[in-house]
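Just follow the structure's listing: the first ligand is 1, and inside any ligand the first atom is 1.
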Amino acid sequence: MSKPLVSPQIAPQFQGAIGVFDSGVGGLSVLRAIRAALPHENLVYVADSGHAPYGDQTDAHITQRTLAVGNWLAEQGVKAITIACNTATVVAAKSLREQTHLPVVAIEPAIKPAVALTRSGVVGVLATSQTVQSAAVARLVELYGAEKRIVLQACPGLVEQVERADLHSAETEGLLRQFVTPLLAQGADTLVLGCTHYPFLRDSIQRVAGEGVTLLDPAEAVARELTRRLSNNGSLSTQTESGRVQFYTTGDMAQTQHAVMRLWGATAKVHAMPLD
Ligand code: DGL
């Protein structure tokens with residue numbers, strides 16, 4: 001595992017903040033929900049872009065990265081960690097929880113609510129290859145899918161389009177058609193956005209799927225769970241001014257800066273993260 005490095009310049013800024021991470025910029029869709037629910041909290045976001053996409057890597061690699069980023073955030077003094085990456089959750093959330101005393105709130109594909117919502121009885125799940133193949137998703141399907149049909153669809157290539165902030169090109173639209181059309185052909189009326197990058201493609205997915213199809217993104221549920229956990233242990237921020245939001249990446253600075261400005265806002269400034 002990489003040895004976490006402590007930077008004296010940034011350590012004090014992390015004290016008492018909420019750490020949020022993803023393999024790249026997709027977790028900004030979760031950060032957005034956390035920011036809306038908890039505007040007074042300081043937030044630190046890590047895009048592990050130097051190691052993205054997680055969805056095509058081995059379980060060992062995803063676990064190693066999840067522990068490296070999670071431990072680094074813990075060493076910088078965050079009070080909670082949010083795994084804003086379904087792939088990291090289904091492969092490695094358990095390992096991270098075993099390694100830290102901090103609350104770890106982790107997103108996972110919204111299969112349970114989708115099963116409750118579907119009228120056709122068919123739910124489609126769009127996710128990375130690793131998420132689709134994971135034992136954790138197989139368990140969710142077994143738990144909630146007895147009466148319904150749950151069709152898992154891996155979507156290789158979509159994460160890369162969002163990392164490039166290429167949301168509306170013909171190439172992106174072509175990939176979406178390739179992944180969504182077979183689900184519709186099988187009767188799905190409810191689609192789970194099982195990767196945090198996909199909410200940034202929500203409009204295009206809805207266009208391809210049609211207005212009658214429900215899209216599910218559990219980001220707000222994650223923000224609510226985080227709020228509940230912090231409230232229960234009495235560690236919600238008491239500051240009255242807006243919290244700071246800081247962005248770090250392990251990857252290409254120019255590409256991540258470009259994507260963060262497109263997906264979060266023009267004034268966002270990305271810093272290099274001192275962790276290989
Ligand atoms: N945002 C990650 C997820 O939710 C994408 C994983 C990847 O890098 O492939 O699964």
Side-chain angles (χ1 to χ4, degrees), residues 19-34 45-70 81-94 96 104-111 114 124-138 140 152-167 172 175-176 179 191-202 205 215-223 225-226 247-252 255-256 259-260 262-264 273:
V20 180
F21 77 91
D22 177 37
S23 62
V25 293
L28 294 174
S29 63
V30 180
L31 192 73
R32 182 167 69 183
I34 293 172
Y45 183 85
V46 176
D48 194 18
S49 323
H51 302 267
Y54 284 179
D56 302 332
Q57 317 265 4
T58 62
D59 282 10
H61 183 83
I62 297 165
T63 303
Q64 189 259 325
R65 291 311 306 164
T66 300
L67 294 181
V69 177
I81 296 173
T82 300
I83 305 180
C85 175
N86 294 269
T87 311
T89 298
V90 298
V91 173
K94 187 165 175 283
L96 182 58
V104 175
V105 175
I107 196 162
E108 68 177 19
I111 290 175
V125 180
L126 300 163
T128 68
S129 305
Q130 276 288 0
T131 298
V132 161
Q133 289 163 23
S134 67
V137 164
L140 290 174
L152 306 176
Q153 174 67 57
C155 306
L158 273 191
V159 164
E160 288 88 333
Q161 297 303 102
V162 177
E163 285 297 306
R164 287 193 287 268
D166 181 353
L167 308 181
T172 304
L175 284 171
L176 289 177
F179 300 135
L191 299 181
V192 173
L193 304 183
C195 167
T196 54
H197 284 71
Y198 304 165
F200 291 112
L201 302 169
R202 188 178 190 119
I205 296 172
L215 305 184
L216 282 183
D217 166 19
E220 286 178 12
V222 169
E225 172 64 7
L226 177 64
F247 302 92
Y248 289 84
T249 184
T250 56
D252 182 271
Q255 177 173 311
T256 308
V260 170
R262 276 290 305 281
L263 304 178
W264 185 265
M273 185 183 170

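Each of Ile205, Val192, Leu201 was evaluated against Leu215; a single residue qualifies, Ile205, per the side-chain contact (heavy atoms from CB on, under 4.5 Å) test.
When non-hydrogen atoms are compared, ligand 1 lies under 4.0 Å from the backbone of Thr196 as well as from its side chain.
In the vicinity of Ser23, heavy-atom distances shorter than 4.0 Å reach the ligand 1 atoms 5 (C), 6 (C), 7 (C), 8 (O). Atoms of ligand 1 found under 4.0 Å from any heavy atom of His197, numbered from 1 in the order shown, are 1 (N), 2 (C), 5 (C). For ligand 1, the atoms sitting less than 4.0 Å from at least one non-hydrogen atom of Asp22 are 1 (N), 2 (C), numbered in the order shown with element in parentheses.
Taking 4.0 Å as the cut-off, Gly24 does not count as a neighbour of ligand 1 on heavy-atom distance. At least one heavy atom of Pro53 sits under 4.0 Å from some atom of ligand 1.
The two residues Leu140 and Pro109 come nearest to each other via the heavy atoms CD1-O, 4.0 Å. Across every non-hydrogen atom of Leu193 and Pro199, the tightest pair is CD1-CA, 4.0 Å. The two atoms that bring Asn86 and Glu108 nearest to each other are OD1-C, 3.1 Å, heavy atoms only. Taking both residues in full, the closest heavy atoms of Ala93 and Ala106 are given as CB-CB, 4.3 Å, listed atom of the first, atom of the second, then distance.
Inter-residue side-chain proximity for Val91 and Thr66 is flagged as unmet; no heavy-atom pair is nearer than 4.5 Å. Side-chain contact between Arg65 and Thr250: present, with at least one pair of heavy atoms (C-beta onward) separated by less than 4.5 Å.
Looking at Val91, Val159, Asn86, it is Asn86 that brings a heavy atom closest to atom 3 (C) of ligand 1.
Nearest protein heavy-atom neighbour of atom 9 (O) of ligand 1: Gly55 N, 2.7 Å. Scanning the protein for heavy atoms near atom 6 (C) of ligand 1, the closest one is Thr87 OG1, 3.4 Å. For atom 5 (C) of ligand 1, the nearest protein heavy atom (residue, atom name, distance) is Cys195 SG, 3.4 Å. At the top of the distance list for atom 7 (C) of ligand 1, counting protein heavy atoms only, stands Tyr54 N, 3.2 Å.
Checking only distances, Asp56 never comes within under 3.5 Å of ligand 1, N or O to N or O.
Judged as a ring pair (Phe, Tyr, Trp, His ring centres under 6.0 Å), and not counting sequence neighbours, the contacts of Phe247 are Trp264.
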